[in-house]
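Since the structure comes first, as structure tokens, the remarks are kept for the end.
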Amino acid sequence: MNKRFDHSTVEPLIYSFWENKNLLKAPNAGKPYTVLMPPPNANASLHAGHGMYVIDDIAVRYKRLGGFSSLWIPGMDHAGFETQYVYEKKLTKEGKSRLNFDRKTLYENIFKFVKDNSGLIYQQFKRLGFLADWDRSVFTLDQKVIDRVYETFKRMIGDGLVYRDEYIVNYCVHCGTSLAELEIKHIERVDPLYFIKYPLIKDIGFVTVATVRPEPIFADTHLAVNPHDKKNKQLIGKKVENPITGDTMDIIGDEYVDPNFGTGVIKLTPAHDPNDWQIAKKKGLPIIQAIDWRGRMIDVENTSGVHGMKVKAAREAIVKKLHDKKLIEKIYEKHFHSVITCYKCGRDLEPLIIPNWFIKVDELKKPIIKAVTTDDIFFHPKKYKKQMLQWLEIMHDWPISRQIVWGIRIPVWYKIDRNHDTIAVRWIDKQAKTHTGSLITELAGADLRIIKEGLQEVVAAPRANYVVSVEEPKDGEYIPETDTFDTWFSSGQWPLVTLKEDEFKTRFPTDMMGTLADILKFWVSRMVLFSLYLKNEVPFKNVYLWSMIADKTGAKMSKSKGNVVNPINFIDTYGADAFRASLLFGIGEGGTVVLSEDKVRAMRNFANKLWNIGRFIDMNETATLQVTPLRQGFEGQGSYKLQVTHKKTLKELEKEFSDLKKKYIKNMDNLKFSRCFDDLYEFVWHRFADYYVEELKDPIKNSSKEILTVLEETFKSCLLLLHPFMPFVTEAIWQEFNGQASSILNERLNKNIV
RNA sequence: GGACGCUUAGCUCAGUUGGUUAGAGCACUGCGUUUACAUCGCAGGUGUCGGGGGUUCGAAUCCCUCAGCGUCCACCA
């Protein structure tokens with residue numbers, strides 16, 4: 001044995017050994033134990049946040065050694081929005097945009113891009129030593145996943161759980177796309193705040209409203225004040241005149257209004273402000289669109305005179321108009337506020353109403369709340385049970401459509417009715433010219449077949465007729481829905497697409513779901529939802545949530561902060577075992593994980609310590625067995641009388657180790673992995689090596705084989721206990737003792753543990 | 001504003017149902033080691049266990065309160 005544990009040569013050899021010996025697959029024998037890997041983005045590469053996957057590996061390995069048929073099924077996610085975002089960035093660099101392609105071509109290009117960039121993360125997972133059955137990997141765009149998603153959608157339609165409605169999204173009129181939360185840039189900016197006077201009807205005087213957006217006033221139908229606002233609450237029920245159109249407007253009360261901002265009175269523009277929209281939905285107020293997809297004003301009767309103008313020009317026109325009417329009380333030029341802008345072009349985003357598909361969750365969430373409350377699903381750490389329940393209470397209907405191509409298309413076709421204008425399209429012709437408009441108008445200038453070939457986007461009014469079908473219906477003219485499902489709609493069915501049909505009897509519910517706490521509500525809750533809906537069972541018995549990985553200073557790692565650590569560097573320098581162990585050592589349950597090089601180095605030293613304990617035992621054995629080099633020769637050797645003190649020491653060791661083992665089993669079964677590892681570290685280094693081995697060194701030099709046997713057996717048991725945490729070094733030492741063809745993965749804990 | 005959590009050594013953090021002298025890693029100091037390991041060993045800590053109050057024979061641990069920090073949610077017209 002070398003003086004030092006050489007991780008860089010040993011680790012790859014051991015991993016391919018496991019692969020070649022089929023040790024990564026679930027053994028046929030044993031009670032099933034199943035863990036599903038949270039699918040990383042297909043084009044992702046390893047970052048510190050993936051560190052928590054080690055938890056899953058520890059569980060899988062522990063159960064393997066415990067005699068279970070433990071199985072870890074990996075997979076990859078297509079990660080709709082995020083991947084398309086990355087791809088479009090690439091297009092921008094090439095001087096192109098997604099609008100240069102029809103929908104089908106764009107999808108195929110992204111598919112190729114993802115395919116070319118996938119696979120790296122699995123290579124990196126292998127370097128971490130993951131005991132996963134790679135042959136069973138599932139991709140969220142595999143046909144069987146798509147089939148399952150379609151089937152679920154159809155069933156939900158049949159059960160009346162799906163409906164179409166308007167939904168307010170953040171839309172960039174320049175880039176022609178709605179943006180997800182992660183693509184929005186919040187910036188702070190100074191804008192004028194206009195104080196506009198609304199003449200009271202039947203009363204003398206005005207009600208003044210402060211706003212940064214005067215341009216859609218013509219579409220407003222209501223003002224609102226806080227019902228608890230002493231100054232303004234008497235306005236509730238009164239009527240004012242719309243300063244642009246002269247129409248009558250009601251003043252209503254809503255707690256949402258902040259009495260301390262501006263004048264304490266707000267105007268409601270439900271079609272173009274998310275908060276006003278919420279109020280309007282709640283109170284059933286009319287939602288009148290004043291701005292279209294292209295960022296132009298809609299005022300068909302044009303009493304405002306701004307119909308067809310762009311937002312900025314319209315604002316100037318409206319302000320001038322109000323000024324002429326002497327309805328502007330004042331303009332506060334330096335209003336500091338936060339606005340949302342497009343990550344690509346930097347322009348202001350326009351909150352717009354876009355028709356969406358929704359899932360009704362009121363009935364679906366009841367069994368989830370029950371399952372969480374009654375601990376059918378157990379949360380580690382416990383605090384997430386509360387967080388989950390809190391979120392489930394406020395969980396509202398789920399908008400599942402996304403205006404992107406990278407995903408599973410919602411299997412719906414809209415029936416074209418040439419007499420009713422319910423569908424708008426964007427398409428690209430053979431000359432690469434983009435056309436946008438109502439389908440009926442477009443059909444006047446182009447054949448339906450040509451439009452469909454160049455189709456980019458369809459926006460159908462909620463009242464448009466549709467047929468749910470994967471294939472195009474034959475009875476008339478149809479145009480497909482172009483929206484795709486929210487990524488979580490497909491990944492939420494992960495437990496239902498990863499197992500084989502016959503495994504549902506034996507491996508479902510699965511045993512543990514270890515994932516980041518960030519996606520508790522996005523992902524974990526949806527998996528439970530789908531599983532209870534489709535299988536009437538929870539998808540997993542335990543949820544292990546890792547809160548976050550932080551840098552040395554305790555700050556959360558994020559790209560924007562630039563403090564992201566690439567774990568591969570640590571693995572290269574200190575070994576996978578050291579990296580894994582550093583994520584566990586000295587960590588409270590569910591606490592922040594601080595990743596620091598000092599700690600990784602300390603764990604590398606521990607791996608080396610293990611190696612050298614093995615080396616010490618091995619060397620002494622060789623020395624003792626010079627006559628009969630085989631271990632089987634032990635019994636044939638003459639026996640030695642131990643001095644009383646040494647016998648006592650051995651007894652102490654056995655007692656202490658037996659206590660440790662009991663504690664270990666208890667903590668491992670309760671998923672308290674970190675504590676187990678801390679205990680092992682303390683025992684192996686500071687008790688076993690520093691104390692017992694040192695105490696027994698002299699008698700060993702007198703060739704006492706009995707002592708060596710006890711030390712070796714104890715140490716080998718320690719290797720088994722440590723193996724889930726540090727798989728490589730423990731396997732390497734195991735093979736030194738038992739031969740290169742043996743594997744610690746074939747050992748079983750119950751043989752060695754009382 | 002709402003919910004939850006955290007505050008223990010210079011730094012990062014363990015500390016289980018309350019129970020002897022509160023621990024580890026890192027860092028620091030001294031000594032040691034010609035054969036398991038210098039990626040080592042031994043030794044070195046005056047810690048108001050965030051402040052205050054309470055329960056108890058006994059509190060880092062349970063309760064109340066105050067302060068600071070963090071996470072999630074809501075909100076910023």
Side-chain angles (χ1 to χ4, degrees), chain A residues 1-7 186 188 191 193-194 209-214 223-224 255-258 260-269 272-276 278-279 335-339 381-391 393-395 517-518 520-521 547-548 550-556 574-575 578 581-582 584-620 623 663 666-667 670 672 674-675 677-679 681-682 685-686 689-691 693-694 697 700-701 711 715:
Chain A
M1 287 174 85
N2 292 328
K3 205 167 166 184
R4 284 183 187 168
F5 174 62
D6 175 17
H7 66 266
H186 294 260
E188 308 244 286
D191 277 311
L193 183 65
Y194 303 92
V209 172
T211 181
V212 289
R213 298 209 63 175
L223 298 183
E255 317 231 324
Y256 154 76
V257 181
D258 177 359
N260 299 317
F261 181 85
T263 59
V265 187
I266 66 165
K267 67 187 183 71
L268 292 177
T269 312
H272 303 288
D273 182 288
N275 306 307
D276 296 1
Q278 294 285 355
I279 295 177
H335 175 54
F336 194 66
H337 67 149
S338 132
V339 289
K382 284 196 192 99
K383 66 170 177 178
Y384 288 111
K385 174 178 174 178
K386 220 165 208 178
Q387 209 182 94
M388 178 83 159
L389 284 172
Q390 193 188 338
W391 186 72
E393 289 299 332
I394 61 161
M395 183 182 184
D518 299 27
L520 175 68
K521 58 181 186 293
S547 60
M548 68 167 185
D551 69 8
K552 208 177 169 178
T553 66
K556 186 173 181 171
Y574 300 109
S582 76
L584 267 293
F585 190 77
I587 296 300
E589 200 188 352
T592 307
V593 176
V594 177
L595 187 54
S596 76
E597 184 155 3
D598 285 346
K599 201 149 112 183
V600 183
R601 192 188 301 116
M603 292 304 114
R604 187 272 315 262
N605 295 352
F606 181 52
N608 191 57
K609 186 76 187 178
L610 290 174
W611 178 257
N612 274 290
I613 295 168
R615 183 162 171 251
F616 171 79
I617 294 171
D618 187 56
M619 282 171 77
N620 281 287
K663 208 165 142 193
K666 191 180 145 211
N667 282 329
N670 287 318
K672 304 202 167 173
S674 177
R675 188 168 304 154
F677 183 66
D678 286 359
D679 289 345
Y681 178 95
E682 170 66 17
W685 198 321
H686 300 300
D690 289 349
Y691 177 70
V693 170
E694 292 302 326
K697 255 182 179 171
I700 288 169
K701 278 176 186 163
L711 287 181
F715 183 59

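Only this structure's heavy atoms are used, side chains among them; waters, hydrogens and symmetry mates stay out. Every chain is numbered from 1, with letters handed out A, B, ... down the list of sequences. Note that this is a predicted model, so its numbers are computed, not measured.
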If you check the [X] side chain, which of [options] turns out closest?
X        : options             : answer
A/Tyr681 : B/C37, B/G25, B/C72 : B/G25
A/Met619 : B/C40, B/C4, B/U35  : B/U35
A/Gln390 : B/G2, B/U16, B/C42  : B/G2
A/Arg675 : B/A24, B/G15, B/A3  : B/G15
A/Asp690 : B/A36, B/G41, B/A24 : B/G41
A/His686 : B/A36, B/G25, B/C42 : B/G25
A/Lys609 : B/G41, B/C26, B/G25 : B/G41
A/Lys697 : B/A36, B/A24, B/G25 : B/A36
A/Asn608 : B/C37, B/A27, B/C73 : B/C37
A/Asp598 : B/U39, B/C75, B/C26 : B/C26

Who are the side-chain hydrogen bond (donor to acceptor under 3.5 Å, both in side chains) partners of A/Asp690, not counting sequence neighbours? A/His686
Is the backbone N or O of A/Arg213 less than 3.5 Å from a side-chain atom of A/Lys267, with the two atoms forming a donor-acceptor pair by type?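 Between the backbone of A/Arg213 and the side chain of A/Lys267 there is a qualifying donor-acceptor contact (under 3.5 Å).
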Expected output: side-chain A/Asn612 to main-chain A/Arg4 donor-acceptor under 3.5 Å: no
Taking the inter-plane angle between the rings of A/Phe585 and A/Phe677 on a 0 to 90° scale, is it parallel (under 30°), tilted (30 to 60°) or perpendicular (over 60°)?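 Answer is perpendicular, since the angle exceeds 60°.
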For A/Lys663, the side-chain contact (heavy atoms from CB on, under 4.5 Å) test, sequence neighbours excluded, returns A/Asn667, A/Asp679
Whole angstroms only, please: what is the [atom1]-[atom2] distance between [X] and [N]?
X        : N     : atom1 : atom2 : answer
A/Asp618 : B/A36 : CG    : P     : 13 Å
A/Leu389 : B/C72 : CG    : C1'   : 15 Å
A/Leu193 : B/C76 : CG    : P     : 14 Å
A/Leu520 : B/C72 : CG    : P     : 12 Å
A/Gln387 : B/C72 : CD    : P     : 9 Å
A/Met603 : B/C13 : CE    : P     : 15 Å
A/Arg615 : B/U35 : CZ    : C1'   : 9 Å
A/Leu711 : B/C37 : CG    : P     : 17 Å

Contact nearer the 5' end of RNA chain B, comparing A/Glu682 with A/Phe606: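 Final value for this comparison: A/Glu682.
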Which residue lies toward the 5' end of RNA chain B, A/Lys663 or A/Trp685, if each is placed at its nearest nucleotide? A/Lys663
Taking atom [atom1] in both [N] and [M], compute the distance separating them and give it to the nearest angstrom.
N     : M     : atom1 : answer
B/G51 : B/A59 : P     : 15 Å
B/U61 : B/U48 : P     : 15 Å
B/U56 : B/G68 : P     : 32 Å
B/G70 : B/U65 : P     : 23 Å
B/G18 : B/C49 : C1'   : 15 Å
B/G30 : B/U7  : P     : 34 Å
B/G19 : B/U29 : P     : 36 Å
B/U8  : B/G23 : C1'   : 10 Å

Under 4.0 Å: is that the gap between some side-chain N or O of [X] and OP1 or OP2 of [N]?
X        : N     : value
A/Lys3   : B/U35 : no
A/Arg4   : B/C40 : no
A/Asn620 : B/A36 : no

Nearest 0.5 Å please: distance from the [atom1] atom of [X] over to the [atom2] atom of [Y].
X        : Y        : atom1 : atom2 : result
A/Trp391 : A/Leu520 : CH2   : CG    : 8.5 Å
A/Trp611 : A/Asp6   : CH2   : CG    : 8.5 Å
A/Glu597 : A/Ser582 : CD    : OG    : 10.5 Å
A/Arg615 : A/Asn620 : CZ    : CG    : 11.0 Å

RNA chain B: stems of at least 3 consecutive Watson-Crick or G-U pairs, cut-off 3.5 Å? B:1-7 with B:67-73, B:10-13 with B:23-26, B:28-32 with B:40-44, B:50-54 with B:62-66
Lys/Arg-Asp/Glu bridge criterion (N-O < 4.0 Å) met for A/Arg675, A/Asp678: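 Result for this pair is no, no salt bridge flagged.
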How would you label the contact of [X] with the nucleic acid (heavy atoms, under 4.0 Å): base, sugar-phosphate, or nothing?
X        : result
A/Lys267 : nothing
A/Asn275 : sugar-phosphate
A/Phe585 : sugar-phosphate

hbond_proxy A/Glu694 side chain to B/A36 base (donor-acceptor, 3.5 Å cutoff):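 It does, because a donor-acceptor pair links the side chain of A/Glu694 to the base of B/A36 below 3.5 Å.
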